[in-house]
There are 2 protein chains.
Amino acid sequence: MKEEIVMGLYHPATEDLELPTVLHALSDPQRLHIVRELAVAEEAQPCGRFTVNVSKSTCTHHFRVLREAGVIQQHHLGTAKMNTLRRADIDARFPGLLDAVLAAAPAEPAIA
Amino acid sequence: MKEEIVMGLYHPATEDLELPTVLHALSDPQRLHIVRELAVAEEAQPCGRFTVNVSKSTCTHHFRVLREAGVIQQHHLGTAKMNTLRRADIDARFPGLLDAVLAAAPAEPAIA
DNA sequence: TCGTAAGTACGACGATCATCGTAGCAGATA
DNA sequence: TATCTGCTACGATGATCGTCGTACTTACGA
């Protein structure tokens, strides 16, 4: 039941990650695209630097879904909000899941 | 674009399986439970033999979602409709995905 | 101090979803 | 033929979802 608050933002604890919630977070093409870009990034990325064809408010919505599902971690940095993939946490809770998702369909564009 | 019709039921071809669709199909607790029961079954199972706490019509809906996503294959047998997991197809298209999903959260009940 | 850049909050909208009950159909069985 | 079993079709309903625009906040920089 432990929950972690990082810089005022809700993040579920690793042991509280739920499979249906994570799968649902990953079942949207836009969010899948964000996760894939995040997976190849070396460092934390601000929300604005993603190739997503939706409005800013929709983008905020998708990042919140990913964060509340435990897929990404967010923290403020100046006016920006930096995003990192919670790869170790997801691997610990659901071994192999993230690798399988990232290995699949890397060619699918975010046009949809 | 090939599509396979098995006994009058639509089934997507292996190469047409889409990751978001499959993930969405697996993101429901009831359907996840069905898939898990199907994974440990030796043979094809009729729809009625699943421990699901929803009505019959809702059950029909969930099986259709799984079939149209390409997760299961269905065929009629008398009055029953038999279900099998398309494990080989999913493994071919998304290697490791099904294993990761099945390995995770095996203790989650279908009470929800 | 003023402006700009990056995100958020807050509705709102149409679409999809999970659920149900009722009615009905197709095989199997008597 | 009549009945039963297993499942589907067909709304209907309430909830959630993805999307948007507008207004707002906050931090940085000129």
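Just so it is clear: chains get the letters A, B, ... in the order the sequence lines come, proteins before strands, and each one is counted from 1. Below, each value reflects all heavy atoms present in this structure, side chains not excepted, and no hydrogens, waters or symmetry copies.
Sequence order on DNA chain D of the closest nucleotides to B:N83 and A:V54 puts B:N83 first from the 5' end.
For the pair A:R67 CZ and C:dG7 P, the interatomic distance rounds to 13 Å; values are reported in whole Å. Rounded to whole Å, atom P of D:dC28 lies 8 Å from atom CG of A:L77. Residue B:L9 contributes atom CG, which lies 14 Å from atom C1' of D:dA9 at whole-angstrom precision. Across the protein-nucleic acid pair, B:L26 atom CG and C:dA18 atom C1' stand 16 Å apart, rounded to whole Å. Residue B:M82 contributes atom CE, which lies 16 Å from atom P of C:dG27 at whole-angstrom precision. Atom CZ of B:F63 is separated from atom P of D:dT8 by 9 Å (rounded to the nearest Å). Atom NE2 of A:H76 and atom P of C:dG7 are 10 Å apart (whole Å). Put simply, CD on A:E68 is 14 Å from C1' on D:dT16, counting in whole angstrom units.
Remark: B:P46, B:C47, B:G48 in residues 40-50 of chain B come within less than 4.0 Å of DNA chain D through at least one heavy atom.
With sequence neighbours left out, A:R87 forms a salt bridge (charged side-chain N to carboxylate O under 4.0 Å, His left out) with A:D99. With sequence neighbours left out, B:D28 forms a salt bridge (charged side-chain N to carboxylate O under 4.0 Å, His left out) with no residue at all. Considering only residues two or more places apart in sequence or on other chains, B:H62 meets the side chain to side chain donor-acceptor pair (under 3.5 Å) condition with B:R31. Here B:T58 pairs with B:S55 under the side chain to side chain donor-acceptor pair (under 3.5 Å) rule; sequence neighbours left out. Taking the side chain to side chain donor-acceptor pair (under 3.5 Å) definition, one finds that B:Q45 meets it with nothing, sequence neighbours left out. Every side-chain contact (heavy atoms from CB on, under 4.5 Å) that A:A44 has, sequence neighbours left out, goes to A:H75, A:M82, A:T84.
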Check nucleotides 21-26 of chain C against the protein and report each pair of N or O atoms closer than 3.5 Å, with its distance, or say if there are none.
residue, atom, partner, partner atom, Å
C:dG21, N7, B:S57, OG, 3.1
C:dG21, O6, B:S57, OG, 2.9

Every protein N/O lying under 3.5 Å from an N/O of nucleotides 12-17 of chain C:
none

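The side-chain heavy atoms of A:R86 and A:P12, taken from C-beta on, include a pair separated by under 4.5 Å. In this structure the side chain of A:H11 reaches within 4.5 angstrom of the side chain of A:Q74, judged on heavy atoms. Side-chain atoms of B:L9 and B:H76, non-hydrogen and from C-beta on, do get closer than 4.5 Å to each other. The side-chain heavy atoms of A:V65 and A:V71, taken from C-beta on, include no pair separated by under 4.5 Å.
Contact annotation: B:H62 side-chain N/O to C:dT19 OP1/OP2 distance is under 4.0 Å.
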*Might you work through the side-chain contact (heavy atoms from CB on, under 4.5 Å) test for B:T60 and B:K81, ending with a clear yes or no?*
CA-CA 10 Å; B:T60 296; B:K81 182 182 270 182; over 6 Å; no
